[in-house]
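First up is the structure itself, then whatever we jot down about it.
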2 protein chains.
Amino acid sequence: MTREDSKPLDRNSRVEGSDEPNAHSGSGPFARVTSHDVARLAGVSQSAVSRAFSPGASVSPKTLEKVMQVADSLGYRPNVLARSLITGRSRIIGMVVAYLGNSFYSMALERISHVLQAKGYHVLVFMASNAAEELDRVVNALLDYQVDGIIAASVSMSNSLSDRCSAAGIPLVLFNRHQGKRGPTAITSDNYDGAKRIARFMAYSGCRRIAHIAGWSESSTGFDREAGFRDGLVEAGLELHDRIDGRWNRNIAAAAARSIFSAPAGRPDGVFVGNDHMAFAVMDVIRYELGLRVPEDVSVVGFDDAPQAGWKAYDLTTYRQPIDEMVDLTVNILLARIENSHSETTQFAIPGHLVVRRSAKIPGSGNHD
Amino acid sequence: MTREDSKPLDRNSRVEGSDEPNAHSGSGPFARVTSHDVARLAGVSQSAVSRAFSPGASVSPKTLEKVMQVADSLGYRPNVLARSLITGRSRIIGMVVAYLGNSFYSMALERISHVLQAKGYHVLVFMASNAAEELDRVVNALLDYQVDGIIAASVSMSNSLSDRCSAAGIPLVLFNRHQGKRGPTAITSDNYDGAKRIARFMAYSGCRRIAHIAGWSESSTGFDREAGFRDGLVEAGLELHDRIDGRWNRNIAAAAARSIFSAPAGRPDGVFVGNDHMAFAVMDVIRYELGLRVPEDVSVVGFDDAPQAGWKAYDLTTYRQPIDEMVDLTVNILLARIENSHSETTQFAIPGHLVVRRSAKIPGSGNHD
DNA sequence: GCGCGACAAGAAAACGATATCAAGACTCTT
DNA sequence: AAGAGTCTTGATATCGTTTTCTTGTCGCGC
């Protein structure tokens, strides 16, 4: 199975003469170099070495230089795990996430990781479905690793779980989910208001039979969007033509679309889908299975502004969740709570904005009834 | 900015009477419960507690039960960091990845994380561009955290960097990149052969002016695919009509498409794009900017079989990288190297297969010249 | 009843760092 | 030149485990 012939090795052709950096030293597998080793060679105490690596500690320039020089030559770097044992901070943030198939979450993870990295923290990833039992295991693992803080994205932690975190003194921030006013600190976009705006937008553009393929009403995000959307429709004098829960799942959403469009009540002229990820599937069904035109026959609107929404094949009108702001706020709050350990919890809903593209009829362009 | 009115709180309405689990105990922020605490309450030595939690250690059923009971009631769990200090294993795998915008990598991360989690390991994420200086910082951080192993996805580690890892005794596996026979262990799909098959496929389907929007020829993956593709064309008696490096970037690829299709040499009737991620951008340009039909006017073929390739709006013919096998092999090899610390390096190229969809003309369907 | 092996359990030494503290080496001031 | 203050420094305790070593206990065969 190993390929030998695939590639002319003109790059990376390693020079000879590297004298086996892998060679074991004695019996132990690999001699780790510790602060003691550095101390000995530099002729100072081990404490001095430690101080040399602690910014702001009291070391004379002379010993600092001596230590650094020896450290460099030996390749010494302080062991973060040993440090965290005594400082009580691991500089590890646990991030629990249900799945990365929805690009919104992979973007979020990417940015969260970047931002934290810039502040000297790193992200330990925990995949977890929303099954209670699995979440329980994950929270255990999270605590085992002594993470300094937890970001839970797209998972609904039961209150007993979030209580365990706060009992352990570990700040927890919910990303793109909330658990109500008494729940943990949570950052979302303004799902309610965003969906309400979408309702108004669709109504004013002339849609009259508007269906909703909902997110997942067990999740706050799905619930809020649906509530906002319903209220927006009512405000515009309309009511929901049809509604199926898509459970954030492409396949379920596609099936929902098929069902809604073949219902005896007549087909809708507009669909609001709970997130972009599902909306793409719905658009594909509408166009390529049902043979309808978007937006001429049906307006489709999503939520998130996932990267693909801007791709011309979809060109999806959607509500942009301000992901960068959401991430920055999440990280800032989390770090503030870690560093001050004050623990009031607050819920934030950051406003986003409607991104008008061409998957939905546009108000005022003369296509009202 | 905090919203108070967005959502009717009918769920999660927390009951009264929870007696402040957050309350501090004394002066210190939060009393961590240690094995000593458990030992004291269970009336055994601290060693006994440790043994109770070490599978296969010598403990009598009686003390085991006693310890476990106290541990449960106190919510004690061993501190992984302290353990790793003495065992020398952190059960942390560092994964360095350039970006998650390409779904192929977010899928890989998701699966890698899942598989490792099932084996009691966890993934610490490091984002790194391919800039040498940044990679250097990342490798430092990696070593600082005492990771047990490293998976580098989509980044080209210089040899000096991979040498540093092996000098530190940390197994490194390259995912979807390789550095040649003398380089570190690497798992890729059979990029060379896959691209060669694509060349044959396109040639036999009647394409005569075939262009290539390459991956990035500085990366092994891009290099191998281009080499295989060229060889395949030659075999079929054709040669490359045009070629631009897309650097794995959607925008650059889109620009490349515009350029190739307006070149004086005449427009191609087929384009092989170095990965799906860029191919989607290229298809959008071809269809929505140039007004050409796919596949009637131009065949488009990608590489990866990213999730979106199966979406009807693209329906992209592509070469499926067997991501699950790649991940499983990567993890198995990495863990084997961690547990046995034998360190021969090998390169694997796992065969994938062509996934024929409708973005490219199909051989034998009567549309030859 | 004695000795032997097997097993259980505690004491104490790691692991690799930081934190605390007291002593030593400076710089000033007077 | 002495005393007060500041800056550096090393010794030592500490973090929460696992590991090693030793001692103790028990059961068993002879």
Side-chain angles (χ1 to χ4, degrees), chain A residues 27-67 71 74-92 143-148 168-169, chain B residues 27-68 70-71 74-92 143-148 168-169:
Chain A
S27 60
F30 288 90
R32 271 197 244 277
V33 15
T34 75
S35 55
H36 278 100
D37 302 331
V38 177
R40 196 167 350 101
L41 260 81
V44 299
S45 76
Q46 183 267 338
S47 320
V49 177
S50 170
R51 275 190 287 261
F53 280 88
S54 321
S58 158
V59 212
S60 70
K62 201 179 52 176
T63 56
L64 181 67
E65 197 209 3
K66 227 179 352 181
V67 167
L74 258 54
Y76 168 78
R77 316 205 81 230
N79 179 331
V80 173
L81 267 35
R83 168 184 299 161
S84 67
L85 190 55
I86 188 142
T87 59
R89 338 220 84 142
S90 58
R91 303 197 80 84
I92 295 177
L143 300 182
D144 289 353
Y145 277 98
Q146 313 289 118
V147 297
D148 285 347
Chain B
S27 60
F30 287 90
R32 273 198 242 278
V33 16
T34 76
S35 57
H36 279 99
D37 301 332
V38 177
R40 196 168 349 101
L41 260 80
V44 297
S45 76
Q46 183 268 335
S47 323
V49 177
S50 170
R51 276 191 285 261
F53 280 88
S54 320
S58 159
V59 212
S60 71
K62 200 179 54 176
T63 57
L64 180 68
E65 198 210 4
K66 227 180 350 184
V67 167
M68 283 312 183
V70 175
L74 258 55
Y76 167 78
R77 316 204 82 231
N79 179 330
V80 173
L81 266 35
R83 168 184 298 162
S84 66
L85 188 55
I86 189 146
T87 60
R89 335 222 85 139
S90 58
R91 304 198 79 85
I92 295 177
L143 300 181
D144 289 353
Y145 277 100
Q146 312 290 116
V147 297
D148 285 346

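- When every heavy atom of B:F53 is checked against every heavy atom of B:M68, the shortest pair comes out as CZ-SD, 3.9 Å.
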*asked:* If you apply the rule side chain to side chain contact (heavy atoms under 4.5 Å, CB included), what do you find for A:I92 with A:V80, and how did you get there?
replied: CA-CA 10 Å; A:I92 295 177; A:V80 173; over 6 Å; no
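- Of the candidate nucleotides C:dA14, C:dA9, C:dA17, C:dA14 has the atom nearest to the side chain of B:I86.
- Of all non-hydrogen atoms in B:D148 and B:R89, the two that sit nearest each other are OD1-CA, 3.4 Å.
- Nucleic acid contact class of B:S47 (heavy atoms, under 4.0 Å, all strands): base.
- Taking atom CG of A:N79 as the reference point, atom P of C:dT18 lies 9 Å away to the nearest angstrom.
- Across residues 49-56 of chain A, A:S50, A:R51 each have a non-hydrogen atom less than 4.0 Å from an atom of DNA chain C (numbered order).
- For A:S84, the side-chain hydrogen bond (donor to acceptor under 3.5 Å, both in side chains) criterion is met by no residue, not counting sequence neighbours.
- Two end axes, each from the C1' atoms of five base pairs, can be drawn for the helix from C:dG1-D:dC30 to C:dT30-D:dA1; they diverge by 50°, to 10 degrees.
- Smallest separation of non-hydrogen atoms from A:R51 and A:A57: O-CB, 3.7 Å.
- B:Y76 approaches B:T34 most closely through the heavy-atom pair CE1-C, 3.5 Å.
- Applying the salt bridge (charged side-chain N to carboxylate O under 4.0 Å, His left out) test to pairs two or more places apart or on separate chains, those with a residue in residues 38-47 of chain A are A:D37-A:R40.
- Using a distance-only test at 3.5 Å, with no hydrogens or angles considered, a donor-acceptor pair links the side chain of A:S90 to the main chain of A:Q146.
- Taking all atoms of both residues into account, the shortest heavy-atom contact from B:A52 to B:V67 is CB-CG1, 3.6 Å.
- Residues of residues 35-45 of chain B that place a heavy atom closer than 4.0 Å to DNA chain C, in numerical order, are B:V44, B:S45.
- When all heavy atoms of B:A168 and B:L143 are compared, the closest pair comes out as CB-CD2, 4.1 Å.
- Position along DNA chain D of the nearest nucleotide to A:S60 versus A:Q46 favours A:S60 as the more 5'-ward residue.
- Annotation: the span from A:S54 atom OG to A:R83 atom CZ amounts to 6.5 Å, rounded to 0.5 Å.
- If you check every strand for non-hydrogen atoms under 4.0 Å, B:S84 touches nothing.
- Of the candidates C:dA9, C:dA17, C:dA8, the closest approach to any side-chain atom of B:S58 belongs to C:dA8.
- When DNA chain D is scanned 5' to 3' for any atom under 4.0 Å from a heavy atom of chain A, the first and last hits are D:dT8 to D:dG16.
- Note that CG of B:L81 and CG of A:L81 are 4.0 Å apart. Values are rounded to the nearest 0.5 Å.
- Counting only heavy atoms from C-beta on, B:V59 has its side chain closest to C:dA9 among C:dA9, C:dT18, C:dG16.
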